[in-house]
Amino acid sequence: MFALIDCNNFYASCERVFRPDLNGKAVVILSNNDGCIIARSNEAKALGIPMGAPAFKWKEVLEKNKVHVYSSNYALYGDLSSRVMNILARFSPDIEIYSIDEAFLQFTGFEHFDLLNYGNQIRTTVVKSTGIPISVGFAPTKVLAKVANRIAKKFPEKTNGVYCIDSEEKRIKALKWLAVEDIWGIGPSYSKRLKLHKINTAYDFVNAPNEWVRKEFSVVGLRLKRELEGKSSLSLEQSSSKKAIATTRSFEKMYTQFEELRERVSTFAVSCSEKLRRQKSHCSMLMVFVHTNSHRKEQAQYSRNIMVKAVYPTNSSIDLVRLATAGLKKIYKEGYHYKKAGVIVMGLTPEHTKQFTLFNEDHPKHPVLMQTIDRLNQKIGKQKIKLACQDLGRTWKMNQEKLSPRYTTNLSEILAIYAK
DNA sequence: TCTGGGGTCCTAGGGCGA
DNA sequence: TCTGTCGCCCTAGGACCC
């Protein structure tokens, strides 16, 4: 059996942990730059505010309904997430942390356990210890566990936030209830095509012929179908090492000059190298991309990316900035208004299994230098020590007008309670 | 004025060596 | 030596997830 545990309206719930007065009130969280609405409390959902909506288009609705609006506070969400995951890990030795607010647990050898009761224990423990409400769905496959979780969340009065698909009857009932676009793994494009063939529910989907599903939706679709049939085809993935690391941003204004872009791209490359060092990996390739603003149809559009290969695997900020700058030089074109750029590093290998080359060697001083920079930055504050090519004057700033305090990760922002 | 960021997996198609 | 075929690898693009 698998369980999918999902935090309810995670970002909104994180904000509520330290602001209990927000319970029962509409709360939304904005993306970087305060651009889009990326999380909503149930009350905000009830107002019809859609996921991913541009904040400026919903300003009036937000104001009129006195919705509490927050910039995303990843320091807070990341910390609360790891607390939730640590608690979940106590309930099964097999855990896959799927995202910041979701985890799969596997229960092998729990056949004689009362899972519903166990689910309730998980739920109360997490709420009591962190203040974050969760939903729990049990089922024989991961995709069905997703379905069970959805039912638990949708009918909290009947399920108390825990639901178990443990019989054929319950599986069929759930599949008939679930709209095809709500199946995990069926996105807008697939659901449109399925509906053209009059496949409207998960039940219709599992009754489609295997050959047709394979032909139209590749092995991905076929695997989903098997999972919904109760035949486990997706296993628990416990390895956490990443295959790519990215730092990409939309800019608060348009850039036209190469130098401006170079400075931002260098900073993205440094950020990637820091992430690499944190997970003790090297990369062998780096991709740089630039975009103009695709929402401004009247402006000339340009979008390109380029892959640059490293001569030897590296995680040195200096090397990566060099590669990124070389790539940017090749793809930059004058006369465009650039709105977004990014750096993605790939071909990741562990630091200790480095492959040396015959004629090129990495700089022996770089690892020591990087270690020192990382240590200093950790000690005296993030990003105090920089490379000269970075934004030394920090002329740009992300819009984060509604940022809540980093209650759990910064001593100066800790919650203070005064007695009268 | 203002439209996010960070990932994974799969397939098709071309290059290339056996 | 030349040519055809097969399979592997790489890349681009498209789908999906949160």
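Below, chains carry the letters A, B, ... as their sequence lines are ordered, and counting in each starts from 1.
One interatomic measurement links the two molecules: CG of L30(A) to P of dG5(B), which rounds to 13 Å at whole-angstrom precision. Going from atom CG of D101(A) over to atom C1' of dG6(B) covers 14 Å, rounded to whole Å. Rounded to an integer number of Å, the gap from OH of Y98(A) to P of dC17(C) is 8 Å. Rounded to whole Å, atom P of dC18(C) lies 14 Å from atom CG of N8(A). Atom CZ of R40(A) is separated from atom P of dC18(C) by 13 Å (rounded to the nearest Å). Between I100(A) atom CD1 and dC17(C) atom P the separation is 19 Å, expressed in whole Å. In this structure, R264(A) atom CZ and dG5(B) atom C1' are separated by 14 Å, rounded to whole Å. What separates CG of N293(A) from P of dT1(B) is a distance of 12 Å, to the nearest Å.
The side chain of S31(A) contributes no N or O atom lying less than 4.0 Å from OP1 or OP2 of dG5(B). Neither OP1 nor OP2 of dG5(B) sits under 4.0 Å from any side-chain N or O of T247(A). In terms of phosphate contacts, K243(A) brings a side-chain nitrogen or oxygen within less than 4.0 Å of OP1 or OP2 of dC9(B). For K242(A), no side-chain nitrogen or oxygen approaches OP1 or OP2 of dT8(B) to under 4.0 Å. A sub-4.0 Å separation between OP1 or OP2 of dT1(B) and a side-chain N or O of R296(A) is absent. Close to dC2(B), at under 4.0 Å from its OP1 or OP2, lies no side-chain N or O of K57(A). For K340(A) and dT3(B), the shortest distance from a side-chain N or O to OP1 or OP2 is not below 4.0 Å. Dashed line: the shortest gap from a side-chain N or O of T248(A) to OP1 or OP2 of dG6(B) is under 4.0 Å. For the OP1/OP2 pair of dC9(B) and a distance below 4.0 Å, the side-chain nitrogens and oxygens of R223(A) include no atom meeting the criterion.
Side-chain contact, R226(A) with T141(A): no donor N or O sits under 3.5 Å from an acceptor N or O. A side-chain donor-acceptor contact under 3.5 Å links D319(A) and Y312(A). Side-chain contact annotation: D94(A) with S92(A), donor-acceptor N/O pair under 3.5 Å absent. Between the side chains of R264(A) and Y338(A), no donor N or O sits under 3.5 Å from an acceptor N or O.
Annotation: dT3(C) and dC16(B) have their C1' atoms spaced 15 Å apart (nearest Å). Comparing the C1' positions of dG4(C) and dG15(B) gives an interatomic distance of 16 Å, to the nearest angstrom. Rounded to a whole angstrom, the distance from the P atom of dT1(B) to that of dC18(C) is 34 Å.
A search for ring-ring contact (aromatic ring centres under 6.0 Å, His included) contacts involving F56(A) returns nothing, not counting sequence neighbours. Taking the side-chain contact (heavy atoms from CB on, under 4.5 Å) definition, one finds that L415(A) meets it with F18(A), Y407(A), sequence neighbours left out.
Residue S99(A) has its side chain nearest to dC18(C) when only dG7(B), dT3(B), dC18(C) are considered. Among the nucleotides dT11(B), dG7(B), dG5(B), the one closest to the side chain of S250(A) is dG5(B). For R249(A), the listed nucleotide lying nearest its side chain is dG5(B); candidates were dG4(B), dG5(B), dC17(C).
Toward the 5' end of DNA chain B, the nearer of the two residues A244(A) and G35(A), judged by each one's closest nucleotide, is G35(A). Where S218(A) and Y74(A) each meet DNA chain B at their nearest nucleotide, the meeting point lying more 5' is that of Y74(A).
Looking at heavy-atom distances under 4.0 Å, I245(A) makes contact with sugar-phosphate atoms alone, never a base. If you check every strand for non-hydrogen atoms under 4.0 Å, R214(A) touches sugar and phosphate atoms only.
Using cut-offs of 30° and 60° for the angle between ring planes, the F104(A) and W184(A) rings count as tilted.
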Nucleotides 9-16 of chain C: which of its N/O atoms have a protein N/O under 3.5 Å away?
| residue | atom | partner | partner atom | Å |
| --- | --- | --- | --- | --- |
| dC16(C) | OP1 | G187(A) | N | 2.9 |
| dC16(C) | OP1 | G187(A) | O | 3.1 |
| dC16(C) | OP1 | P188(A) | N | 3.4 |
| dC16(C) | OP1 | S189(A) | N | 3.2 |
| dC16(C) | OP1 | Y190(A) | N | 2.9 |

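Side chains of E15(A) and N73(A) form a contact here, defined as non-hydrogen atoms less than 4.5 Å apart.
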Worksheet item: Between R16(A) and E43(A), does a salt bridge (Lys or Arg N to Asp or Glu O under 4.0 Å) hold up when you go through it step by step?
Response: CA-CA 13 Å; R16(A) 281 175 171 166; E43(A) 297 76 10; 2.9 Å; yes
